[in-house]
Amino acid sequence: MKQSLLYSGKAKDIYATEEDEVIISCYKDQATAFNGLKKEEVVGKGRLNNQISSLIFDKLNRAGIATHFLEKLSDTEQLNKKVAIIPLEVVLRNYTAGSFSKRFGVAEGIALAQPIVEFYYKKDELDDPFINDEHVAFLNLATTEEIAYIKEETRKINRLLTAWFSDIGLTLIDFKLEFGKDKDGKILLADEFSPDNCRLWDADGNHMDKDVFRRGLGEMTDVYQVVWEKLQELD
Ligand code: UDP
C-alpha cells in the first residue's frame, strides 16, 4: 500500500500509494515548537493525533465540509486525497491567546465579539509572517474568490468545532487550518486538526493542547489522551 516517501514534515510523513490521487499520512512521535527550535520525541503522540484528527475530519465530512480525509488506516496512519497545499496558515480566534495577546498587548482568555480570521504565510525561512488578504493576492497564493471561500469555510468549521468541544466541556480558544487544491482545483480542508494546532481550555482554565509542551506545563500525551477520551463521547 505505502510506496515512496513524498514529503517528511515535522509531525507527519507523506507516502504515495498505488493510486495517483491518494496519499498516506503517517503521524510521528515528534513534537516541535518555536519553528522547530524546541524538538522532542514524544512516544504516543503520533497515535493520539492521528486518532483525534481522524475523528474530527470524519465528523466534518459528515457535516458537509469538503476535506481531504478518506479513512483511518491504523493507529498512526490515515488515507487522504492528494492536494497541493496552499502555503497559508489560516488561524481563527474565538478568544485572545498566544501571538495575538503578545502582538496587541492584551491578556489571554478575553472573548472576541466576533471570531477573527488571520493569515500567515507558510514559509519556515521567513518564520511564517503575519499577512493580510492583499499580501495573499500579491503572493499569488489564492484569488479574491478563493480567499472569501477559505474564510467562510473556516468560520463554518469553527461553528461546528466550537459546539462539539463545548459538548465535552472544552473551550475552543483558537486554531490553525490548512487548505489544499485537488487535481480539479477544488479547495479541500487538509493537514490535521489536533491539540497540536488548536488551543483548548477546560472549565478550570487548564491547557489541553500543545501549550503544555510550548510552556513546559506537563506531559502533552496526558492531556491529549483526555481530549481523545472525551471526543469519543460524541456521536
Ligand atoms: N498554530 C499552529 N502552527 C503554527 C502556529 C500556530 O498550529 O505554526 C496554531 C496554534 O496552536 C494556535 C493558533 O494556531 O492554536 C494560534 O497560534 P498563535 O498565532 O497564537 O501562535 P503561538 O502562540 O502558538 O506561537
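Atoms within a ligand are numbered from 1 in the order they appear, just like the ligands themselves.
Using modelled atom types, no side-chain atom of Asp13 and backbone atom of Cys26 make a donor-acceptor pair closer than 3.5 Å. Side-chain atoms of Gln78 never come within 3.5 Å of backbone atoms of Leu70 as a donor-acceptor pair (strictly under, hydrogens ignored). Between the Ser54 side chain and the Lys72 main chain, no donor and acceptor come within less than 3.5 Å of each other. Within the 3.5 Å criterion, the main-chain N or O of Ile23 finds no donor-acceptor partner in the side chain of Lys2.
Using a 4.0 Å threshold on non-hydrogen atoms, atom 13 (C) of ligand 1 counts as touching the protein. For atom 25 (O) of ligand 1, no protein heavy-atom neighbour is found at a distance under 4.0 Å.
Closest to atom 15 (O) of ligand 1, if we only count protein heavy atoms, is Asp174 OD1, 2.6 Å. At the shortest separation from atom 11 (O) of ligand 1 among protein heavy atoms lies Arg214 NH2, 2.8 Å. Of all protein heavy atoms, the one closest to atom 1 (N) of ligand 1 is Lys176 CB, 3.8 Å. In terms of protein heavy-atom proximity, atom 23 (O) of ligand 1 is nearest to Arg199 NH2, 2.8 Å.
In this comparison of Ser194, Ser99, Ala11, the heavy atom closest to atom 18 (P) of ligand 1 sits on Ser99.
Contacts with ligand 1 closer than 4.0 Å are made by no heavy atom of Glu118, backbone or side chain. If you look at Lys102 next to ligand 1, there are no close heavy atoms at all, none under 4.0 Å.
Both tests do not hold together for Arg199 against Phe175: distance to the six-membered ring centre under 6.0 Å, angle to the ring axis within 45°. A cation-pi geometry, defined here as NZ or CZ lying under 6.0 Å from the six-membered ring centre and within 45° of its normal, holds between Lys38 and Phe213.
Ring geometry, Trp201 versus His207: the interplanar angle exceeds 60°, so the pair is classed perpendicular (tilted spans 30 to 60°).
Every atom of ligand 1 with a heavy atom of Tyr120 under 4.0 Å away is listed here by number and element: 19 (O). Atoms of ligand 1 found under 4.0 Å from any heavy atom of Gly98, numbered from 1 in the order shown, are 20 (O), 23 (O). Contact atoms of ligand 1 toward Asn197: 7 (O), 9 (C), 11 (O), 15 (O) (distance under 4.0 Å to a heavy atom of the residue). Heavy-atom proximity to Cys198, at under 4.0 Å, picks out these atoms of ligand 1: 11 (O), 15 (O). Atoms of ligand 1 lying under 4.0 Å from any heavy atom of Asp196, numbered from 1 in the order shown and given with element: 7 (O), 11 (O).
Residue contact annotation: Glu89 has a non-hydrogen atom under 4.0 Å from ligand 1.
The only member of Asn80, Asp191, Thr76 that meets side chain to side chain donor-acceptor pair (under 3.5 Å) when paired with Lys12 is Asp191.
With sequence neighbours left out, Tyr224 forms a ring-ring contact (aromatic ring centres under 6.0 Å, His included) with no residue at all.
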Listed pairs under 3.5 Å, donor-acceptor, residues 160-172 side chains, sequence neighbours left out:
| residue | atom | partner | partner atom | Å |
| --- | --- | --- | --- | --- |
| Thr162 | OG1 | Asn158 | O | 2.8 |
| Thr162 | OG1 | Asn158 | OD1 | 3.1 |

